[in-house]
> 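The structure under discussion is supplied below as structure tokens; questions concerning it will follow.
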Amino acid sequence: VSDPASNLGLEDIIRKALMGNFEDKQE
Amino acid sequence: NRMHLVCPMSMSPYVDPRKSGHSIWLEFSMSFTPAVREVVEFAKRIPGFRDLSQHDQVSLLKAGTFEVLVVRFASLFDAKERTVTFLSGKKYSVEALRTMGAGDLLNSMFDFSQKLMALNLTEEEMSLFTAVVLVSADRSGIENVNSVEALQETLIRALRSLVLKNHPNEAATFTKLLLKLPDLRSLNNMHSEQLLAFKVHP
């Protein structure tokens with residue numbers, strides 16, 4: 001894996017944690 | 001072959017050699033996930049952050065989470081006692097961590113933490129500085145660089161006036177804080193190298 005953030009699954013955690021935020025904005 | 005996870009975001013540096021690589025990563029991920037979620041919650045509260053595109057919010061967080069965590073958890077590195085406190089609350093001496101393979105990154109973390117703590121920032125200053133750290137993260141994946149730059153400038157201006165107001169006799173404090181940004185970038189690079197070098201055998 002060449003991307004340490006992907007290696008740690010960081011992007012997935014970040015996207016899930018941000019999700020509520022984007023849903024709020026769509027409402 | 002004993003393995004070690006010399007990162008205070010794990011419960012312990014000792015890894016059970018009987019466990020599979022997958023379950024070691026899973027446990028490690030579960031231990032640092034709450035801290036990452038807190039960084040995201042913090043980012044959401046930065047005025048202007050939610051106005052960035054979803055892509056740029058994710059990119060900044062991907063690039064800047066480690067740097068934010070270094071600032072937030074600086075106190076885990078006790079330069080006086082020469083210990084690092086892990087998530088379980090247990091302290092490990094520098095010497096013990098060295099025998100587990102910790103090297104230059106550990107020294108640099110102590111150096112950074114000590115200098116940051118010496119600035120005696122208030123909670124408000126620390127929070128604003130942390131916001132600056134996040135929006136100053138690597139921009140290589142950013143779509144709308146102008147928006148991020150504008151947000152960074154606004155936050156740096158706010159940090160400057162707050163620090164000058166609180167430390168009128170220490171004009172160097174703001175400069176010292178800004179100089180922490182390249183220090184954090186270099187810690188981030190060292191950390192990335194360590195992560196990439198870390199191999200878990202199934």
> Okay, side chain of K62(B), backbone of I14(A): is any donor-acceptor separation there less than 3.5 Å?
no

> Applying a heavy-atom distance below 4.5 Å, give me the residues of residues 26-34 of chain B that approach chain A, sorted by number.
F28(B), S29(B), F32(B), T33(B)

> Test of understanding: with side chain to side chain donor-acceptor pair (under 3.5 Å), list the residues that count as partners of S108(B), not counting sequence neighbours.
none

> Are R37(B) and K16(A) close enough, and set up right, to give a side-chain contact (heavy atoms from CB on, under 4.5 Å), and what steps lead you there?
CA-CA 9 Å; R37(B) 285 203 191 115; K16(A) 279 183 186 154; over 6 Å; no

> Output, in order, the C-alpha distance, side-chain angles, deciding distance and verdict of side-chain contact (heavy atoms from CB on, under 4.5 Å) for L18(A) and K44(B).
CA-CA 8 Å; L18(A) 273 174; K44(B) 286 179 182 179; 4.3 Å; yes

> Step through the shown structure and confirm whether more than 12 heavy atoms of other residues, nucleotides or ligands are within 6.0 Å of CD on E149(B).
yes

> Verify the neighbour count for atom CZ of R72(B): are there more than 12 heavy atoms of other residues, nucleotides or ligands below 6.0 Å?
yes

> Within this structure, what is the CD-CE distance for the pair Q54(B) and M19(A), rounded to the nearest 0.5 Å?
7.5 Å

> Return yes when atom CD of E95(B) has more than 12 non-hydrogen atoms of other residues, nucleotides or ligands closer than 6.0 Å, and no otherwise.
yes

